[in-house]
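Remember, it's 1-based here, ligands and their atoms both numbered in the order they're listed. Because the structure is predicted, anything quoted here is derived from the model rather than measured.
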Amino acid sequence: MTGASILLDKVTKRYPGQSRAAVDGLTMEIPAGKIVMLVGPSGCGKTTTLKMINRLIEPTEGRIVLDGDDVTGINGDSLRRRIGYVIQAGGLFPHMSVAANIAIVPKMLGWSRDRIAARVDELLELVSLDPVQYRDRYPRELSGGQQQRVGVARALAADPPVLLMDEPFGAVDPITRVRLQDELISIQHELQKTIVCVTHDFDEAVKLGDWIAIFTEGAQLVQYDTPERILAEPANEFVENFIGSGAGLKQLTLTRVNEVDLQSAVTAEPGTLASDVLSRLDERGHDHAVILDSRNRPLQWLSRRQLSRLERIGADRDARLPLVGERASLNDALDIMLVSSVGAALVTGGRDSFRGVIDVETIMDAISKAHEHARTSHAHGKPVGINTNSMDAITAPRPAGPEPLPPEDGSRDGE
Ligand SMILES: Nc1ncnc2c1ncn2[C@@H]1O[C@H](COP(=O)(O)OP(=O)(O)OP(=O)(O)O)[C@@H](O)[C@H]1O
């Protein structure tokens, strides 16, 4: 099953004893099959908003509509079987094996043993864990990233149309986090669920989100738009501050190397006379030649000076070549250039074959083009997002700087 649309319709949550509503008259469309990221300062109401979708928190006012059906009044348990839920560190039951954790909802739905066993293995494959190795382990026998993967598998077990994620990658190290994010992107490519995800990390929102909702206190929506448009046209100073420095650099994570025009290069095979290569460089007005092996894979990248010292081109492979795959982001490409201090990189495609050269100017050019495009274009099918109790919240300029953090409230109740 693919994703379902969600509508939060004038939803308000007031916790007992709190003077301000945690979520104040929020109306928000979440389009089917898309990833919507909820971001904003601590205490602004992201988690409350998320948990009202599966009614782990009951709204005080307003309606939750799932694919056109008002689900505000239906039994919360049966609703939650239609909505996968992933929390930090997976939230696995420690006394249950991986397979038993994943099987919870299918069991409740009365699936047969065989069907459950097949589904567990299928899901473990989906999240890149070998079923034979992992299905009988206990959560304590898994790394943080593996627990998180099992958490995702469990949430997907009964093929729900909606997946809610609350800081799903908050508890893992940065490298694992990147890998899990990439995996989520590829899973989503395959499954096209509707995913609503709370994060503290704006870069994560940019990377994963089709749409990003930026909130201030009381779940006041300040901007609800594509990552590109938020970076290019922050609604106000609050959003600017929230994005932080380097909006241009963040834009780089949104574009892949194969989306920009690469430069061609003079290429040669090992065994060629260096003087021949030099004259071809003269003809083309280039300063470097790329040496490729018989399968078109880069071996060396030689300057005129290096060539002038050679008679024939050798067949050695230079281990320090700045290589970047064509599916990498421009940000990755820039990193490779900075590390190699060449100011350019060789782009490779399938089977590591040479595609062309990318340089810093191309990247800078791509940023300003993407920026201009995002600024002038209107997002297609932009979902509605307003706070009905204060219609001006989305348009009115706000004071500079993020909202002050609310005092830590140790007396949470009612969840
Ligand atoms: N059970 C509760 N009882 C009373 N107040 C609560 C309860 N849960 C949350 N709150 C308050 O509601 C507001 C919104 O909380 P919520 O957890 O939704 O914010 P958040 O944006 O997810 O924060 P964080 O990023 O810190 O997790 C906060 O002021 C919080 O203190």
From the candidates Thr49, Thr199, Thr48, Val23, the one that places a heavy atom nearest atom 16 (P) of ligand 1: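 The nearest heavy atom belongs to Thr48.
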
Give the single entry among Arg20, Lys13, Met52, Lys46 that approaches atom 25 (O) of ligand 1 most closely by any heavy atom.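 The option holding the nearest heavy atom is Lys46.
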
Backbone or side chain, does any N or O of [X] fall under 3.5 Å from an N or O of ligand 1?
X     : answer
Thr47 : yes
Pro16 : no
Gly45 : yes

Counting from 1 in the order shown, the ligand 1 atoms closer than 4.0 Å to a non-hydrogen atom of His200 are 25 (O)

Heavy-atom pairs closer than 4.0 Å: do any link ligand 1 to the side chain of Gln18, the backbone, both, or neither?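 The part of Gln18 near ligand 1 is the side chain, not the backbone.
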
Donor-acceptor contacts under 3.5 Å from residues 105-112 side chains, at least two apart:
| from | atom 1 | to | atom 2 | distance (Å) |
| --- | --- | --- | --- | --- |
| Ser112 | OG | Arg115 | N | 3.2 |

Can you tell me how the ring of Phe238 sits relative to the ring of Phe242, calling it parallel under 30°, perpendicular over 60° and tilted otherwise?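 Phe238 and Phe242: parallel rings.
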
Kindly state each residue pair satisfying salt bridge (charged side-chain N to carboxylate O under 4.0 Å, His left out) with at least one member in residues 256-269, sequence neighbours excluded.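 For residues 256-269, and leaving out neighbouring residues, there are no salt bridge (charged side-chain N to carboxylate O under 4.0 Å, His left out) pairs at all.
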
Min side-chain heavy-atom separation [X]-[Y] under 4.5 Å:
X      : Y      : value
Met337 : Ile363 : yes
Asp365 : Thr362 : no
Ile6   : Val162 : yes

4.0 Å heavy-atom contact, Cys44 with ligand 1: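 For ligand 1, residue contact (heavy atoms, under 4.0 Å) with Cys44 is present.
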
